[in-house]
2 protein chains.
Amino acid sequence: MAPRTVTKSLEFEMTDVVSDLETLVGYNMKRAYVAIQKDFRAALGEGGLSPRTFSALSLVVAHPNISQSDLARMLGIERSGLVAIIDDLEARKFLSRTLVPGDRRVQALVPTKAGIAAYGATLVTVQAHEDRLLADLSTSEKDTLMQLLMKIRLTDRES
Amino acid sequence: MAPRTVTKSLEFEMTDVVSDLETLVGYNMKRAYVAIQKDFRAALGEGGLSPRTFSALSLVVAHPNISQSDLARMLGIERSGLVAIIDDLEARKFLSRTLVPGDRRVQALVPTKAGIAAYGATLVTVQAHEDRLLADLSTSEKDTLMQLLMKIRLTDRES
DNA sequence: GCAAAACTGTTTACCTGATTAACAATACAC
DNA sequence: GTGTATTGTTAATCAGGTAAACAGTTTTGC
């Protein structure tokens with residue numbers, strides 16, 4: 001079956017590999033992640049939302065009345081860690097904690113009009129930042145990257 | 001030119017996209033990075049090297065007699081932040097700070113035999129962790145991922 | 001020659017993001 | 001009803017990182 005395909009020449013490319021480090025996915029993932037985050041913060045500027053706060057706001061806008069516990073689960077963080085994030089968003093008047101009739105434990109998170117507007121504007125800025133930073137990647141490369149990242153991300157499901 | 005290619009069906013796939021968040025590279029990059037790092041730590045266990053300490057050791061083994069300043073530059077961190085990492089590696093007797101004849105400011109980092117051995121063993125463990133975690137990705141997918149991450153990473157050069 | 005500038009390793013103070021453990025209030029199982 | 005589970009919260013702690021200052025040591029520019 002397919003006896004003599006020549007694949008050897010693809011195994012190594014002659015870019016000078018500085019050390020084994022360069023061949024590890026984790027190391028390159030970290031460096032790429034740091035570069036993106038740095039540019040994200042620069043794009044949103046002083047007083048702008050941090051990546052995690054933006055993520056939380058995004059999910060609250062997409063899922064109004066979500067509880068903090070559910071939001072924490074979606075973000076993959078502990079609910080104790082979410083408190084400060086929600087405090088921040090509430091201080092900015094982007095959402096409010098509101099009582100839920102049926103269950104007095106939970107406080108549903110509802111975005112304000114200002115919150116929805118701010119989210120929309122910020123999303124545009126964030127998308128512009130990604131378009132700029134990833135200008136060297138073609139659309140199909142970006143698609144591929146997203147698929148691969150998603151695959152790796154979902155590895156973490158069971159924990 | 002190419003008047004009616006049907007690309008529309010590729011634009012959106014019918015996985016339920018929870019929010020805009022899922023469409024952002026940065027968010028998925030972070031989630032994937034967190035998943036990998038978590039698995040890395042689990043693979044190396046209690047008392048094992050942290051990712052950043054492993055990275056530093058890798059570069060010292062690959063470049064014996066490197067200075068701390070050069071190492072910090074390679075890692076993309078401040079040299080003040082490197083001190084604790086080198087302290088750790090020196091405490092484990094994996095390297096030593098040694099005087100350099102020509103310049104009394106620098107202390108060259110030289111790996112010990114134990115350091116080189118530990119690095120080799122750890123590298124095998126790390127590679128096994130990545131192979132396991134990324135088992136769902138084909139070899140060519142891994143290659144593609146590395147190329148794309150490298151491209152993004154190099155965006156950060158000028159800073 | 002020598003003053004000014006630059007570089008090296010280091011400490012200190014601080015920041016961000018995150019976790020764990022505990023807690024009071026509330027709801028649910030049966 | 002009693003025991004168990006869940007919610008939001010605080011407090012303590014940690015990991016990783018930055019920025020500013022510092023003493024000691026070259027290097028540069030005349």
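Lettering of chains follows the sequences in order, A, B, ..., and the numbering in each one begins at 1.
Residues in residues 107-123 of chain B take part in these side chain to side chain donor-acceptor pair (under 3.5 Å) pairs, two or more places apart or across chains: A:Asp20-B:Tyr119, B:Ser58-B:Tyr119.
Remark: P of D:dG8 and CG of A:Leu95 are 13 Å apart, rounded to the nearest angstrom. Atom-to-atom, CD1 of B:Ile86 to P of C:dT10 comes out at 9 Å; the value is rounded to the nearest Å. If you take NZ of B:Lys38 and C1' of D:dC14, they are 17 Å apart, rounded to a whole angstrom. B:Asp87 places its CG atom 16 Å from the C1' atom of D:dA15, with the value rounded to the nearest Å. As rounded to whole Å, 11 Å separates atom C1' of C:dC7 from atom CG of B:Asp70. Rounded to an integer number of Å, the gap from CD of B:Gln107 to C1' of C:dC7 is 14 Å.
The other members of the hydrophobic cluster of B:Val100, by chain and number, are B:Val106 (side-chain heavy atoms under 4.5 Å, ILVMFWY only).
For B:Ser140, the side-chain contact (heavy atoms from CB on, under 4.5 Å) partners two or more places apart in sequence, or in a different chain, are B:Ser138. By the side-chain hydrogen bond (donor to acceptor under 3.5 Å, both in side chains) test, A:Asp88 is found to be paired with A:Arg92, residues two or more places apart in sequence or in another chain being considered. When the side-chain hydrogen bond (donor to acceptor under 3.5 Å, both in side chains) test is applied to B:Asp131, no partner is found at least two apart in sequence or on another chain. For A:Asp136, the side-chain hydrogen bond (donor to acceptor under 3.5 Å, both in side chains) criterion is met by no residue, not counting sequence neighbours. Residues passing the side-chain hydrogen bond (donor to acceptor under 3.5 Å, both in side chains) test with B:Gln37, sequence neighbours excluded: B:Tyr33.
For the pair A:Ser67 and D:dT7, the criterion of a side-chain N or O lying under 4.0 Å from OP1 or OP2 is not met. Checking the phosphate oxygens (OP1, OP2) of D:dT6, no side-chain nitrogen or oxygen of A:Gln68 falls inside 4.0 Å.
Rotation axes derived from the C1' atoms of the five outermost pairs at either end of the helix from C:dG1-D:dC30 to C:dC30-D:dG1 lie 30° apart, to the nearest 10°.
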What is the per-nucleotide protein-contact pattern of nucleotides 16-25 of chain D, from the 5' end, where B denotes a base atom under 4.0 Å from a protein heavy atom, S denotes such proximity for sugar-phosphate atoms only, and - denotes neither?
SSBBB---BB
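No side-chain donor-acceptor contact under 3.5 Å links A:Asn28 to the backbone of A:Thr23.
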